[in-house]
Amino acid sequence: MLPDNVLIFIVLAPGLAALIAGLFQRLIGDRGAMIVTTATVLLAGILSLYQLFAYTFGGHDDHGHTGAHVIELMRWIDIGSFQADWAIRVDALSIVMMAVITSVSGLVHLYSWGYMSEDPDRARFFSYLSLFTFAMLMLVVADNFIQLFFGWEGVGLASYLLIGFWFKKEAPNAAAVKAFVTNRVGDFGLALGIMAIFFVFGSVEFEPVFTAIRDDAFGALQPIGSFVSGETPRDAAIAFLGYEVNALELIGVLLFIGAMGKSAQFFLHVWLPDAMEGPTPVSALIHAATMVTAGVYLVCLASPIYEYTVFASGMIVIIGAVTALYAATVGLAQNDIKRVIAYSTCSQLGYMFFAAGVGAYEAAMFHLFTHAFFKALLFLGAGSVIHGMHHEQDMRKMGGVAKFMPFTYAAMLIGTIAIIGLGWPHTTLGFSGFFSKDAIIESAFAAHLGGVSFAQMAFWFGITAALLTSFYSWRLIYMTFHGPYTGAHHVHGEHDDHAHGHHGEPHESPRVMLVPLALLSLGAIFAGMIFYDPMFHHGEAFWGEAIYRAESNHVIHDIEKLMKPDKETHAPTQYEWVFWAPILVTVAGFLLATFTYFFNRGVGQRIADSGGPLHSLFANKWYFDEIYNVTLVRGTALLGDVLWKTGDKKIIDGLGPDGVTSLTKWGSRRLSAMHTGYLYHYAFVILAAALVFGGVLYWRAGGAS
């Protein structure tokens, strides 16, 4: 493990670099800001990758099972039992996440030197990138739920700033607001979940809470409030409106609602595709590789909670499986190159969630790890295409780009082969997605054999999504890189403000953009091969106490016992087909896409032009935006109008300050009418007043006597 001061540098340095780039741009200039942020995050990435390899291949058993190494930076909150520190927690989960965040972010910083070279606000952009990196690191190294929530909101803020980076245009502003508001829904659930944890356990620190659940004894922890009943954490219940709800189930559901928002799961997924309005490096960093995986990380981190839930874990399986299939269907009919990859992100996150839901946390984290490399590669490759096509994003206006951009084409091919999961079962031959995605599908089937609820549904949804993933991934390749070059007739891409109306043939991107593609390609090819054995096959030893597994959870062992060939006879089991199903549907998707978009390029366009019900459903994203606009957006606006115009203006203001003001004005107008300027009028008023006051005094004197 790295020394404490190095770990502190990895976590805090990107935040300091963001401050320097953002506040001192006038002193150091754009180039200085770019150098400070890029060098800092790249160095942090190198150190984090070194730590990951040292932990993986340097004997992690020395500290893998002894709990996390915690570096306390300072006391933050200390109010009775409500205590939270600024801390850095180093265990298997945080080591993997630190490596993913800093390595991908460092390459995105470097890539942005070329991609944002014409932008006048580069210092602000790089400052936002480093701010995001810092917030995400604070999230994954948190030692308590309050610091986790700080990082959670920090990445939400950075996401808002980066999506709306080109704030002078309407579309990025609308997308940023949409992302921010949608995430507030999920974050409300997360906040309630943290509150419920404090009420049940009297603490927000990971170690005492998770230890209490593992040992099924509160120990020194004390529930807050009389509405928490139960002798042990697992049977604790929270009373609400006359009903008692299992505390762990309630906490699990609330935490997952937070994860649904951040990780763009079904119902709260609508913000992610629109977030493509931000610069492409933003898409690669935040909306593919790191931020959207925060929800998966949270569920795996809270494995002690989900191991003892039925409803909450079942909800994760259902939502994850539905998201995997739903997003894959929508990806079939998108024409914006970035939106296709965005929906593939939603789909792959669904895989991770249903893996965690069935108890295969190792498989979920392994796919999170490999996905970061090939999805960042796909997004940055798409950015290279957009850059070379003078900011054109519509795949229908591309075609034949491979001959102009051979390096980008090779990188996109590698990313495509990785995401579809090409490999040979029972061997170590395959790209990254083969090892991690197949591990998830196998885990879902093993969980089904073990009686886990909804695991069979997740398995078949995962198989179907694999078919669709292969189809739309190759569709992207064929529409973009093959066939005749149609030419970009008009530039109206993602940052039209800086395109300056360039025309002409596509061109390869500068070297500073190609180097990150080359390095990410290595990750897309080899990450699964290198880390399959430690992260998944021997996952219990690798993850140690960072992932908790109840005695009744034998998903990984079930794969070994029920699905592997017999060790003595080497005869395949009756479940051998499970290993071959993913690769068979992947090849089927490839062949179907090849027939439709390579040999018969017009077929796909004719299907789209026909406007059939399925194509319309997929192209319009199942009409989620329209439904939400009619119900939630307009309903909220109508309710707001009623509360504003009737409740606030007429009732509160009308009877309150506005009413008093109106009454005062009315009285003053009546009194001012008495000021006529005639002396005898004033004398009459004085005399009348004297008579009235005299009468009152006489009456009071008489009454007193």
Side-chain angles (χ1 to χ4, degrees), residues 248-249 252-253 256 259 263 265-266 295-325 347-368 371 421 425-426 433-466 532 535-540 542-543 547-565 572-582 585:
L248 292 185
E249 293 281 9
V253 169
F256 179 59
S263 296
Q265 292 300 282
F266 198 66
V296 180
Y297 166 78
L298 174 61
V299 172
C300 293
L301 173 70
S303 56
I305 295 173
Y306 290 106
E307 283 294 273
Y308 297 104
T309 64
V310 176
F311 180 83
S313 57
M315 177 182 175
I316 295 174
V317 176
I318 293 172
I319 295 293
V322 170
T323 304
L325 184 57
S347 184
Q348 298 303 310
L349 289 167
Y351 276 100
M352 300 176 208
F353 272 110
F354 77 68
V358 302
Y361 309 102
E362 297 93 337
M365 287 301 301
F366 182 36
H367 195 50
L368 183 158
H371 173 264
H426 303 309
F434 161 71
F435 294 97
S436 57
K437 188 169 72 175
D438 282 26
I440 287 176
I441 293 174
E442 294 164 15
S443 298
F445 190 81
H448 155 61
L449 296 177
V452 176
S453 301
F454 306 109
Q456 186 177 25
M457 181 197 80
F459 170 78
W460 287 112
F461 276 33
I463 290 291
T464 308
Y532 172 78
M535 282 193 182
F536 180 71
H537 190 57
H538 296 104
E540 291 187 17
F542 180 88
W543 299 106
I547 290 178
Y548 174 68
R549 185 173 297 284
E551 294 180 4
S552 59
N553 188 337
H554 300 295
V555 172
I556 306 302
H557 299 301
D558 287 343
I559 295 175
E560 296 287 335
K561 183 173 64 175
L562 300 173
M563 298 166 60
K564 293 292 184 182
T573 70
Q574 60 178 311
Y575 303 113
E576 177 68 13
W577 63 272
V578 174
F579 287 91
W580 293 93
V585 298

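In this chain, residues are counted from 1 in sequence order.
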Requested in this report: Go through the steps to decide whether Asp438 and Phe579 satisfy the test side chain to side chain contact (heavy atoms under 4.5 Å, CB included), and finish with yes or no.
Outcome: CA-CA 8 Å; Asp438 282 26; Phe579 287 91; over 6 Å; no
Rounded to the nearest 0.5 Å, what's the gap from [atom1] on [X] to [atom2] on [Y]? Could you check?
X	Y	atom1	atom2	value
Phe435	Phe536	CZ	CZ	12.0 Å
Ile441	His367	CD1	NE2	9.0 Å
Ser436	Met352	OG	CE	8.0 Å
Leu325	Tyr351	CG	OH	8.5 Å
Cys300	Leu368	SG	CG	7.5 Å
Ile463	Phe459	CD1	CZ	4.0 Å

What is the minimum heavy-atom distance between [X] and [Y], and which atoms define it?
X	Y	answer
Ala455	His448	CB-N, 3.5 Å
Ala324	Ser347	O-OG, 2.7 Å
Tyr297	Met365	CA-SD, 4.5 Å
Ala259	Gly295	CB-CA, 3.5 Å

Query raised in the report: Can you tell me if Tyr306 and Tyr548 form a side-chain donor-acceptor pair at under 3.5 Å?
Result: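 No donor-acceptor contact under 3.5 Å links the two side chains.
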Query - Distance-only polar pair, side chains of Tyr361 and Glu307, donor-acceptor under 3.5 Å - result: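 Yes, side-chain donor-acceptor contact under 3.5 Å.
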Report task. Show the numbers, then the answer: is there a side chain to side chain contact (heavy atoms under 4.5 Å, CB included) between Lys437 and Gln348? Result -> CA-CA 9 Å; Lys437 188 169 72 175; Gln348 298 303 310; 4.2 Å; yes
**Report entry** Contacts of type side-chain hydrogen bond (donor to acceptor under 3.5 Å, both in side chains), residue Trp580, not counting sequence neighbours
**Finding:**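 By the side-chain hydrogen bond (donor to acceptor under 3.5 Å, both in side chains) rule, Trp580 matches Glu576.
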Query raised in the report: Should the pair Trp577 and Trp460 be assigned to parallel (<30°), tilted (30 to 60°) or perpendicular (>60°) ring geometry?
Result: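 The arrangement is parallel - the two ring planes meet at less than 30°.
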Query raised in the report: With under 30° as parallel and over 60° as perpendicular, where do the rings of His537 and Tyr532 fit, or are they tilted in between?
Result: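 His537 vs Tyr532 ring planes: parallel.
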Query - Derivation of the side chain to side chain contact (heavy atoms under 4.5 Å, CB included) call for Phe354 and Ile440 - result: CA-CA 8 Å; Phe354 77 68; Ile440 287 176; 3.5 Å; yes
Requested in this report: Check whether any side-chain heavy atom of Arg549 lies under 4.5 Å from a side-chain heavy atom of Glu362, and answer yes or no.
Outcome: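 A side-chain contact under 4.5 Å exists here.
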Can I get a per-line list of side-chain donor-acceptor pairs under 3.5 Å for residues 310-323, giving both atom names and the distance, sequence neighbours left out?
from, atom 1, to, atom 2, distance (Å)
Ser313, OG, Thr309, O, 3.0
Ser313, OG, Val310, O, 3.2
Thr323, OG1, Gln265, OE1, 3.3
Thr323, OG1, Phe266, N, 2.9
Thr323, OG1, Ile319, O, 2.6

